[in-house]
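This report refers to the structure that appears directly beneath it.
What you are looking at is a predicted structure, and each value in this text was computed from that prediction instead of being measured. Chain identifiers are assigned alphabetically (A, B, ...) following the order of the sequence lines, protein sequences preceding nucleic acid strands; residue numbering begins at 1 within each chain. Note that these values count all heavy atoms, side chains included, but never hydrogens, waters or copies made by symmetry.
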There are 2 protein chains.
Amino acid sequence: MADTTTKERADRQELILDAVLRVLGEQGISGVSIRSVAREAGVSHGLVGYHYDDKVGLITAALRRIEEQDVGLVSADPDLTPEQRLRAALRRIAAKEFLTTDYLSLRLQLWSLAQADEEFERINTEAQRRYRRGLADLIRAARPDLTRAECNRKAATINVVQNGLWLTALLGLDRASIKRSVELCEELAFA
Amino acid sequence: MADTTTKERADRQELILDAVLRVLGEQGISGVSIRSVAREAGVSHGLVGYHYDDKVGLITAALRRIEEQDVGLVSADPDLTPEQRLRAALRRIAAKEFLTTDYLSLRLQLWSLAQADEEFERINTEAQRRYRRGLADLIRAARPDLTRAECNRKAATINVVQNGLWLTALLGLDRASIKRSVELCEELAFA
DNA sequence: GGCAGGACTGGACGGGCGTTCAAGAGAAAT
DNA sequence: ATTTCTCTTGAACGCCCGTCCAGTCCTGCC
């Protein structure tokens, strides 16, 4: 029992943030309350108030947590050529782990949240900007013949299709259409 | 004052539904309560309960109301040729009245809502299906050389780009990128 | 052992919520 | 004039919420 306490001690905050994202994805923001999160995480509601200033602080912390995951989407595998890296990044957004309802639903809730609160909007806009920048860099490396402005334009257009892919996937897009959309992204990048 | 009462009497329900959509777009679902809607509409909260069974019934009614608007998006102007009709429909989604933050934010909240509640999901899925069907019909009329299956495929892909266009516009997409995305839709339809 | 301090609990408080309902206002029918 | 009906109000109920805080547990340090 002693090691359980020790192990869980440090993980209590992680447990809470996990619970926030889980409840957010499943029930939307109106299902997220300090008390419901505490119940989901299996801790007292007082502890949530102890670790995070208030409700906004709690959600902000959860947002920053999922943000880290996003950066990985355009991270490059050093073993690949620039072209392979770009293709891998373009295909990664249609990978199994991201096309789950859980993940997409959470994403949608984050976008939705950003519209209702300025602090959340700031976080979201910055994450989006960072992703677009990473994508443009990948294109630039794979297509040295293009100017930076052209790469930025391509990245913006591809980002539109990708966002549409995620959103529409959530609304029930079939696998074949998803595959076609990914191919469209590759065409946009390489043609 | 007598006519005011008479006029407003019949419009009281409209007033309430307008208020729901306004609050939903501005503050998200967590800002929508029977009482906040009543305040926004300038009526007593008891009246909202009188006209609508409960909170879910109220939001459902508001959803059905905005749904009517959507059907108009693929409605055809009889004076145009099939090709012109299709182009008009494709360009309409980037029209000023739809690219406002208010409208897009509301749209996003509807999508978000659909993830959190089954009844809302049903309404949303049907609306989406109806739109895709209308788009496929427009393509079929403009491109008689294509099979119905090909038209459906094209409609699905275009729908992805359009959804992405709306979503990304909300997150701060520049006008030039929007124009490029609309052009992409036209290319997809006609090439 | 004693103690300081961080982690954690659960009760208490005031407030907003959804829902219900008795009461009233006004128009139409009798 | 009285009745009947629909529309409308605001008070009342119990519930869950966010926040605060006194108290408890555990660990590391002297």
May I have the distance from B:Ile34 (atom CD1) to D:dG14 (atom P), rounded to whole angstrom? 19 Å
Rounded to the nearest Å, what distance is computed from the NE2 atom of residue B:His51 to the P atom of nucleotide D:dT6? 13 Å
Please list all pairs meeting salt bridge (Lys or Arg N to Asp or Glu O under 4.0 Å) that have one or both residues in [range], counting only residues at least two apart or in different chains.
| range | value |
| --- | --- |
| residues 50-61 of chain A | none |
| residues 92-108 of chain A | A:Asp70-A:Arg107 |
| residues 182-191 of chain B | B:Arg87-B:Glu186, B:Arg91-B:Glu186, B:Lys179-B:Glu183 |

Which residue pairs pass the side chain to side chain donor-acceptor pair (under 3.5 Å) test with at least one member in residues 132-142 of chain B, sequence neighbours excluded? B:Arg132-B:Asn159, B:Asp137-B:Arg148
So for the helix from C:dG1-D:dC30 to C:dT30-D:dA1, with five pairs setting each end axis, what is the inter-axis angle to 10°? 10°
Would you list the pairs meeting ring-ring contact (aromatic ring centres under 6.0 Å, His included) in which at least one residue belongs to residues 156-191 of chain A, sequence neighbours left out? A:Tyr103-A:Trp166
State which residues pass side chain to side chain donor-acceptor pair (under 3.5 Å) with A:Arg35; sequence neighbours excluded, sorted by chain then number. none
Under 3.5 Å between N/O atoms: give me all the protein pairs with nucleotides 9-11 of chain D, atom names plus distance.
from: D:dT9; atom 1: OP1; to: B:Arg12; atom 2: NH2; distance (Å): 3.3
from: D:dT9; atom 1: OP2; to: B:Ser44; atom 2: N; distance (Å): 3.0
from: D:dT9; atom 1: OP2; to: B:Ser44; atom 2: OG; distance (Å): 2.9
from: D:dT9; atom 1: O5'; to: B:Ser44; atom 2: OG; distance (Å): 3.4
from: D:dA11; atom 1: N6; to: B:His45; atom 2: NE2; distance (Å): 3.0

OP1 or OP2 of C:dG10 versus the side-chain N and O atoms of A:Arg39: is any pair under 4.0 Å? no
Contacts of B:Ala127 meeting side chain to side chain contact (heavy atoms under 4.5 Å, CB included) (sequence neighbours excluded), chain-then-number -> B:Glu67
